[in-house]
K.L.:
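What follows is a single structure, and I will ask about it in a moment.
Here the structure is a predicted model, which is why all the values come from computation and not from measurement.
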Amino acid sequence: ISKKSNLINPDKNIYIKKFGEPDLIFNKKKKLLLIKIKDFNDKVLILNSKLEGWNIEVLAKDIKNHKTIESRIDTNLLTSLITIKDSYLKNLNIYVEGGKHEDSLNIINSSGSINSLTIKNSFQDAIDFDFSNLKVNEIYVENAGNDFVDSSAGDYFVTKLVLIGCKDKGVSVGEKSNFKLTNAEIKNTDMALVSKDSSKLT
C-alpha cells in the first residue's frame with residue numbers, strides 16, 4: 001500500500017486508507033459510514049478492522065475521468081470501489097450503487113457474518129469474495145456488466161440470493177472455493193450458476 005495514502009481511524013478497531021479524494025462521512029451513533037466516490041481514482045480500503053453492526057453505503061453514480069485501462073489492478077493491487085481486507089465482520093450491512101471500477105465490492109482474507117449486501121449498476125463484477133470465510137444472510141444485486149458474485153479460495157454460505165440483469169455469470173465459484181446457497185432467484189442472466197477450478201457449489 002502506498003505510503004502516500006491517508007490512514008483514518010474513525011472508531012476503535014476500524015482503520016481506513018483512502019486513495020484519491022473520496023468523501024467519507026461517519027455517524028458513530030447510527031454506526032454509518034457513507035462513502036462518496038466522485039473520480040475514477042477514488043478508492044477506499046478498510047483493513048485490519050473489526051466491523052460489528054456497521055452500515056456502509058458507497059455512492060458512485062457520477063464518476064469523472066473514467067477511461068479504459070489495460071490492467072484490472074492499480075499500483076496498490078486494488079480493483080474495487082471498496083475493499084475490505086484482513087478484517088472481522090459481524091452483522092454488517094453494505095450498499096453500493098454505481099461506479100466504473102472492475103469490482104464494486106471486494107472482500108479479501110476476512111471472516112464473519114454479513115446481514116445484507118445490496119449492489120446496483122456495477123460496471124463489471126458486483127461482488128468478489130477472496131480467501132475468506134463468510135456467512136451472508138441476504139444478497140441483492142441488480143445490473144452488472146460481468147459477474148454478480150465471484151468467489152475464490154474460501155468458504156461461503158449464503159441464505160438468500162436475488163440477482164437481476166447480469167451480462168455474464170450470476171454466481172461464479174472458482175479457485176477451490178466452497179459455496180453453499182439455500183435460496184436463489186436469478187433473472188436475465190447469461191449463466192445462472194457456475195462452479196469451476198476444483199470448487200464445490202451446493
Side-chain angles (χ1 to χ4, degrees), residues 1-2 5-11 13-27 31-64 66 69 72-132 134 136 138-152 154 156:
I1 302 300
S2 171
S5 61
N6 298 315
L7 179 62
I8 302 168
N9 180 213
D11 197 42
N13 297 322
I14 297 179
Y15 302 93
I16 299 173
K17 285 191 175 183
K18 67 175 186 176
F19 304 87
E21 294 295 332
D23 290 335
L24 275 64
I25 301 169
F26 302 97
N27 188 322
K31 280 198 165 183
L32 172 66
L33 168 57
L34 176 61
I35 301 168
K36 294 183 179 180
I37 305 291
K38 301 166 292 183
D39 189 275
F40 184 69
N41 295 314
D42 293 348
K43 293 180 181 180
V44 172
L45 170 65
I46 301 175
L47 72 163
N48 300 322
S49 296
K50 190 174 182 180
L51 299 164
E52 292 191 56
W54 277 84
N55 302 290
I56 299 175
E57 294 186 17
V58 183
L59 303 179
K61 292 183 282 188
D62 301 309
I63 298 290
K64 299 177 182 178
H66 173 246
I69 55 176
R72 293 180 68 250
I73 59 177
D74 62 11
T75 55
N76 298 292
L77 304 181
L78 299 176
T79 63
S80 61
L81 289 169
I82 178 170
T83 302
I84 300 174
K85 186 175 184 291
D86 303 327
S87 296
Y88 171 74
L89 320 176
K90 184 177 180 181
N91 296 329
L92 194 64
N93 296 293
I94 302 176
Y95 177 90
V96 183
E97 184 171 358
K100 294 292 184 180
H101 296 68
E102 182 67 27
D103 308 317
S104 291
L105 169 68
N106 191 193
I107 299 179
I108 306 171
N109 196 38
S110 298
S111 63
S113 66
I114 299 172
N115 183 45
S116 69
L117 283 178
T118 300
I119 315 287
K120 295 183 179 180
N121 303 318
S122 297
F123 176 65
Q124 292 292 318
D125 290 353
I127 301 167
D128 261 354
F129 294 142
D130 297 318
F131 310 104
S132 297
L134 299 170
V136 186
E138 185 174 17
I139 295 176
Y140 178 88
V141 185
E142 184 177 344
N143 298 327
N146 197 44
D147 296 340
F148 272 141
V149 181
D150 198 348
S151 72
S152 301
Y156 309 97

K.L.:
Is atom NZ of Lys31 surrounded by more than 12 heavy atoms (other residues, nucleotides or ligands) closer than 6.0 Å?
P.N.:
yes
K.L.:
With distance as the sole criterion, is a donor-acceptor pair present between the side chains of Tyr95 and Glu97 under 3.5 Å?
P.N.:
yes
K.L.:
Using modelled atom types only, decide if a donor and an acceptor are shared between the side chain of His101 and the backbone of Phe123 within a distance under 3.5 Å.
P.N.:
no
K.L.:
If the condition is salt bridge (Lys or Arg N to Asp or Glu O under 4.0 Å), which residues does Asp150 pass it with, not counting sequence neighbours?
P.N.:
none
K.L.:
Could you tell me which residues satisfy salt bridge (Lys or Arg N to Asp or Glu O under 4.0 Å) with Asp11, sequence neighbours excluded, listed by chain and number?
P.N.:
none
K.L.:
For a quick test of reading the model, state the closest non-hydrogen atom pair linking Ser87 to Ile46 and the distance between them.
P.N.:
OG-O, 4.0 Å
K.L.:
Compare every heavy atom of Glu102 with every heavy atom of Gln124, then report the nearest pair and how far apart it is.
P.N.:
CB-O, 3.0 Å
K.L.:
Go through the structure and list residues passing side chain to side chain donor-acceptor pair (under 3.5 Å) with Ser110, not counting sequence neighbours.
P.N.:
none
K.L.:
Out of curiosity, Leu89 CG to Ile114 CD1, how far, rounded to the nearest 0.5 Å?
P.N.:
5.5 Å
K.L.:
So, Asn93 and Ser116: side-chain donor and acceptor under 3.5 Å apart, yes or no?
P.N.:
yes
K.L.:
Under the side chain to side chain donor-acceptor pair (under 3.5 Å) rule, collect the residues that match up with Asp86, sequence neighbours excluded.
P.N.:
Asn109
K.L.:
Can you confirm whether Leu33 sits close enough to Ile16 that some side-chain heavy atom of one is under 4.5 Å from a side-chain heavy atom of the other?
P.N.:
yes
K.L.:
Starting at CD1 of Ile35, measure out to CD1 of Ile82 and round the result to the nearest 0.5 Å.
P.N.:
4.0 Å
K.L.:
Can you find a heavy atom in the side chain of Leu92 that is under 4.5 Å from one in the side chain of Ile84?
P.N.:
yes
K.L.:
Find out whether Lys18 and Ile8 are in side-chain contact, i.e. whether some heavy atom of one side chain is under 4.5 Å from a heavy atom of the other.
P.N.:
yes
K.L.:
Any chance you could measure Asn55, atom CG, to Asn115, atom CG, to the nearest 0.5 Å?
P.N.:
9.0 Å
K.L.:
Can you name the closest pair of heavy atoms from Leu78 and Phe19 and give their distance?
P.N.:
CD1-CE1, 3.5 Å
K.L.:
Tell me, do Phe26 and Ile14 make a side-chain contact under 4.5 Å, heavy atoms counted?
P.N.:
no
K.L.:
Yes or no on side-chain contact (heavy atoms from CB on, under 4.5 Å) for Lys43 and Thr83, after CA distance, side-chain angles and deciding distance?
P.N.:
CA-CA 8 Å; Lys43 293 180 181 180; Thr83 302; over 6 Å; no
K.L.:
Of the non-hydrogen atoms in Lys120 and Tyr140, which two are nearest, and what is the gap between them?
P.N.:
CE-CE2, 4.2 Å
K.L.:
Would you compute the distance between atom CG of Leu24 and atom CD of Glu21 and round it to the nearest 0.5 angstrom?
P.N.:
10.5 Å
K.L.:
Could you give the distance from CD1 (Ile127) to OG (Ser80), rounded to the nearest 0.5 Å?
P.N.:
11.5 Å
K.L.:
Taking all non-hydrogen atoms of both residues into account, name the closest pair between Ser104 and Leu81 and its distance.
P.N.:
O-CB, 3.4 Å
K.L.:
Measure the CZ-OG distance between Phe131 and Ser151 for me, rounded to the nearest 0.5 Å.
P.N.:
11.0 Å
K.L.:
Among all residues two or more places apart in sequence or in another chain, which pass the side chain to side chain donor-acceptor pair (under 3.5 Å) test with Asn146?
P.N.:
Asp125
K.L.:
What are the two closest heavy atoms between Ile107 and Ser132, and how far apart are they?
P.N.:
O-OG, 3.6 Å
K.L.:
Please identify each residue that fulfils ring pair (Phe, Tyr, Trp, His ring centres under 6.0 Å) with Tyr156, with sequence neighbours left out.
P.N.:
Phe129
